[in-house]
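Structure first, commentary second.
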Amino acid sequence: MSFYQIIDPAFGRYVLGNAPPKQLATGFDWVEGPVWFGDANCLLFSEIPSNRILRWTPDVGISTYRAPSNYANGHTRDGQGRLISCEHGLRRVTRTEHDGSITVIADSFNGKPLNSPNDVVVKSDGSIWFSDPHYGIASNYEGFAAPQENPCNVYRWHNGDLRAVVTDMNCPNGLAFSPDETRLYVADTGRMHSDDAQMIRVYDVATDGSLSAGRHFHTIDAGCADGIRIDSDGNIWSSAGDGVQCISPTGALMGKIFLPETVSNLCFGGRAKHQLYITATTSLYRITLNRKGVQYP
Ligand code: MG
């Protein structure tokens, strides 16, 4: 059986028939938040329940980058290459400076603690956008169980100013900008133990960072979209229950890459940003594509 399924013929040019997904490492507890560091030729990702950030390199394999990680989840890098992290445990978003010190970007809104920041992207103007669902405080598995004091919003932080920019979703999770940053895609994974609709929504982004015209974009047909990433043509590569799915900018499913574990998140990496690094439940996978990802920086 093929490791992929072509729905739109264009997807047939995105996959390489002799480059199936490869399991790079396994035996983890719910891995998430992959971020590629081309300058260090390594991938960082979170093993959330084990309270650590791991590093994968081609020569060494797995080593520990940071432990404890305050139950870190999603990561990205800003325009200066600094690591931006979501932390369930301290319910905050942080930036790791070049000297290794930690700067807190945000840990409260309206005078109350954030829930458990989950995933984060940086816009080219330096603003930091992150989702704040309740998963990290809903139990003691991915953080510390605690009462929810703020709605599950998406926030935009810019030069110290924090605003709730998405307030109409159940549990916003993965986020990604279109290549021209005129659209923001946000995955909604729904509240734990509920029948909430799970979908990807899309918003129009104005130059001042305000959002409008929030609307349904796509509903994944196996499991749900958690982390999402964009390629250079604006296609959305989404995590799914059966692997990775590729969705066109018009919202049509183009094709699938099958994996044996539920995928939580993914990122483009490699020397040409042509590889997808995929965190999937207990394992880290990589697949080489005939695609180029939009990864900032
Ligand atoms: Mg997530």
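The model shown is predicted, which means the values in this text are computed figures rather than measured ones. As the structure lists them, so they are numbered: ligands from 1, and atoms in each ligand from 1.
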Identify every side-chain donor-acceptor pair in residues 251-272 under 3.5 Å, counting partners at least two apart or on other chains, and give the distances.
| unit_1 | atom_1 | unit_2 | atom_2 | d |
| --- | --- | --- | --- | --- |
| K256 | NZ | D221 | OD1 | 3.0 |
| K256 | NZ | D221 | OD2 | 3.3 |
| K256 | NZ | D242 | OD2 | 3.0 |
| E261 | OE1 | T282 | N | 3.0 |
| E261 | OE1 | T282 | OG1 | 2.5 |
| E261 | OE2 | S283 | OG | 2.6 |
| E261 | OE2 | Y285 | OH | 2.8 |
| S264 | OG | V31 | O | 2.6 |
| S264 | OG | T279 | O | 3.2 |
| S264 | OG | T279 | OG1 | 2.9 |
| N265 | ND2 | E32 | OE1 | 2.9 |
| N265 | ND2 | D119 | OD2 | 3.1 |

Between F144 and G89, the two heavy atoms sitting closest are CD1-O, 3.7 Å
Out of the candidates F37, W237, F45, W36, only one should pair with Y277 under the ring pair (Phe, Tyr, Trp, His ring centres under 6.0 Å) rule; please name it. W36
Is the shortest distance from a Lys or Arg side-chain nitrogen in D39 or R77 to a carboxylate oxygen in the other one below 4.0 Å? yes
Under 2.8 Å from the Mg ion (ligand 1), which protein N, O or S atoms are there? Could you list them by chain and number? E32 OE2, N118 OD1, N173 OD1, D226 OD1
Salt bridge (charged side-chain N to carboxylate O under 4.0 Å, His left out) between D168 and R201, worked out: CA-CA 10 Å; D168 59 351; R201 285 174 65 80; 3.2 Å; yes
Decide if the gap between the ring center of W129 and the ring center of F177 is smaller than 6.0 angstrom. yes
